[in-house]
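Okay, so here's the structure we're looking at.
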Amino acid sequence: MSRIYQNFNGLFFPGFAKLLQFFSSLFMLKVLALNFSPEEIALWSSALSGIAFFGLIFIGPIGTYINRNLINWTNEFSLIKILFYHFCYLCLITLISVAFFYFFNNNLENNSSNLFFFLYIIPLILLFQVIFITYHSFLNLFGRNKEYLSISFVISVLLILLPFLFITLMGNKLIFWGLGFLLSNIIAASMSLYYLNDFIKFSITNPKLKFDKNFLDKSKVFIIPSLIFALLSWVNIHGYKFGLIYSGFSIEVISYLIVGLTLSHSLFSALEQILYAVYGSVYQRRVSLNKVNSDEYWADLMNGVIPILVVGFLGYISFIDYLPMILLSESYLSLNRILLIGGIIEVARILLNLIFLRNQGINKTKNMINPFLISYLVFCSIFTFVFFLFDFSLLIFSLIMAFISFGTFVQLLNQLSFEVINKIYVNLKNLLLKLILISFLIFTSKELLIFFEINKLVIIIFLLISWILFSFNIILNDKNLDILSTPFKPD
C-alpha cells in the first residue's frame, strides 16, 4: 500500500499538470472548430508546424543537451548565465524564422491579409513558447512538482481564456487568436522563471559556462546527431503540410488531412507529455546520477510507459467515431479513416522518441540517424511509385507516413541488448492477459450500449471513465518505479 501511495505522490503532480494541458488543448480545438473554417484551422496548424520546425531542429537539440546535463551543471556553473546564453540564442533563431514565415506566406492565396500574422505574431509565439516550455521542463527535472502543477494550471486556463477573449472582443481572425496565445505563453514563462529563482540563487556564485574547445567537442557529438534526428522527425510529423502546399495543393484541398492528423497528433502528444512528465524526468535524473545503469533505468521506463501507451491507443480506437463530433463539429465526421491512420503514426512516433530518450541517456544520439535515413529512402521510392503510377490519394499518402515510422522503429530495436528486451518482455508478459481481458470487456460493453441505442453521451462517459481507471490501475501498481517520488535537491 505504501508503494502505491509513493507512486501516486510521485506521479500525481506532473501527471495531473499535463492532464490539465491536455483538456485545455481539446477545448482549444473545439473553440477553433466553432469559430474558424477548416482552411483557417489548417493555416493555424501550419503556423504551429513552422514553430515546431525551429523549435525541434534549431532549438530542441540544444535544449535537450541542456536538460541532459542541467542537474550536474547546476552544481558547477552559474544557472543565470546558462539561461542568458540560451535566451540570446533563442532571439537569434526567432529573427531567422521571420524570413521562413515570410516566404511561406507568399505561397498562400490572399497572402497580404496574413502578412502581419506570419511576420510578427508567429515568430514571437515561437520565442516565448520555447522559453515557457524550457523553464517549465526545468521545474519538472528538478522535481518541483507542486510549482510545475500550478504553472500548468495557469497556462491551461490562459490558453482557453485569452485567445477566446481576444476573438470575442476583436473578431474571428487568426491574428487575434494568436495574440491571446502569445500573451498566455509570456505570462506562464514569467512564472516559471520566478519559480526557478531558488536554483538561480544556489548557482549564482559558480563560474560561468565557458564555450572552450573541450566543451564544444563534447556537445557537438550530442547536438549534431540530435539536430539531424529532429529534422527527420519534423518532416515526418509536420513537413507534409509545407510539402503539399509548395507542390501546388491549395489549403482547401488538404485542410481535412491536416485537421485529421493534427487532431490525432494533439491527442497522442498530450499522452506522451503526461508519460514523459511522470517517467521521463525520473529517467533523466537517474541517468544523470548513474550512467552505468542507464539501460536498466530505460527498461523501467518502458515497463511503465508501454502499457499506458497500449491502453491509450485502444481507448483512442474506441472513441474514434465520436472524436470529430466531440472535439470539432458535425461537419468533420468523415475524418474517421484519417484519424485511425494518424493514431498509428503517433504510436510509432512515441516509440521512436522513447528510443531517442535512451540514446540521449547514453550520449549516443548518432544511433538514430541511419535507421531514419534508410526509412526515408524507402519512403521516397514508394511515394514516387504511387505518385506517378496512380491517382494521388491523401489517404495513401498518410499510410506511407505510418509505414516509415514503424520501419524506423523496427530498425532501432536492433540496437537494444537481449537483456534489456527480455526485461521489458518479462514484465509486459504478465500484463498482457489483463490488457486483453479488460479491453475486450470495454469494447464489448460499448457495442452492447450501441445495440440498445443508449445515448451517445452515456457511452462516451462510460468509455472515458473505464480507460482512465484502467490506466491508473496499471500505473499505481507499477513495482519498478518507487523512485518516482524522489526529487532533485542541490548539494
Side-chain angles (χ1 to χ4, degrees), residues 49 52 56-57 60 225-226 228-241 243 257-258 260-276 279-280 298 301-320 323 335-360 365 367-383 386 394-416 420-421 424-425 428 435 439:
S49 295
L56 279 172
I57 297 169
S226 297
I228 297 172
F229 170 72
L231 174 61
L232 296 171
S233 297
W234 179 85
V235 171
N236 196 27
I237 301 169
H238 303 283
Y240 71 92
K241 302 171 189 177
L257 174 70
I258 292 177
L261 294 185
T262 298
L263 178 56
S264 60
H265 179 66
S266 298
L267 293 170
F268 280 93
S269 180
L271 175 61
E272 181 184 21
Q273 289 176 33
I274 292 171
L275 292 173
Y276 184 84
Y279 295 101
W298 187 77
L301 167 81
M302 295 298 283
N303 285 330
V305 167
I306 288 181
I308 304 302
L309 183 58
V310 172
V311 171
F313 182 68
L314 292 172
Y316 176 80
I317 293 175
S318 71
F319 273 104
I320 212 160
L323 288 176
L335 288 179
N336 293 23
R337 289 183 296 176
I338 292 177
L339 287 175
L340 177 59
I341 297 171
I344 297 171
I345 293 171
E346 290 302 311
V347 169
R349 181 187 63 79
I350 292 173
L351 291 173
L352 287 174
N353 285 343
L354 289 170
I355 294 183
F356 182 58
L357 183 62
R358 178 250 180 188
N359 286 326
Q360 289 177 32
T365 51
N367 290 348
M368 301 295 295
I369 297 175
N370 285 342
F372 248 110
L373 289 176
I374 293 171
S375 294
Y376 268 96
L377 288 174
V378 176
F379 168 78
C380 291
S381 301
I382 295 175
F383 178 72
V386 171
L394 294 177
L395 197 62
I396 293 177
F397 178 81
S398 56
L399 275 170
I400 299 174
M401 290 172 61
F403 171 82
I404 179 181
S405 297
F406 267 106
T408 307
F409 173 68
V410 170
Q411 293 178 72
L412 287 168
L413 286 178
N414 293 326
Q415 298 177 3
L416 304 177
V420 173
I421 293 177
I424 297 171
Y425 168 74
L428 296 182
L435 283 168
S439 299

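Using a distance-only test at 3.5 Å, with no hydrogens or angles considered, a donor-acceptor pair links the side chain of W298 to the main chain of L354. Put simply, the side chain of S269 never gets that close to the backbone of S266: no donor and acceptor are under 3.5 Å apart.
Distance check, rounded to the nearest 0.5 Å: CG of L301 to CG of L275 gives 9.0 Å. The line from CD1 of I350 to CZ of F313 is 10.5 Å long, rounded to the nearest 0.5 Å. Separation of atoms CG (N336) and CD1 (I341) is listed at 11.5 Å; rounding is to 0.5 Å. Atom CD1 of I345 and atom CG of L340 lie 10.0 Å apart (nearest 0.5 Å). From L339, atom CG reaches atom CD1 of I317 across 11.5 Å, with rounding to the nearest 0.5 Å.
Side chains of L309 and L351 form a contact here, defined as non-hydrogen atoms less than 4.5 Å apart. Side-chain contact between E346 and E272 is absent, with no heavy atoms from C-beta onward closer than 4.5 Å.
Among all heavy-atom pairs drawn from S264 and G342, the shortest one is OG-CA, 3.4 Å. Across all their heavy atoms, L435 and V311 have their closest contact at CD2-CG2, 3.5 Å. Y316 and L323 get closest at one heavy-atom pair: CE1-CD1, 3.6 Å.
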After noting the C-alpha distance and the side-chain angles of L263 and I338, does the key distance pass the side-chain contact (heavy atoms from CB on, under 4.5 Å) rule?
CA-CA 10 Å; L263 178 56; I338 292 177; over 6 Å; no
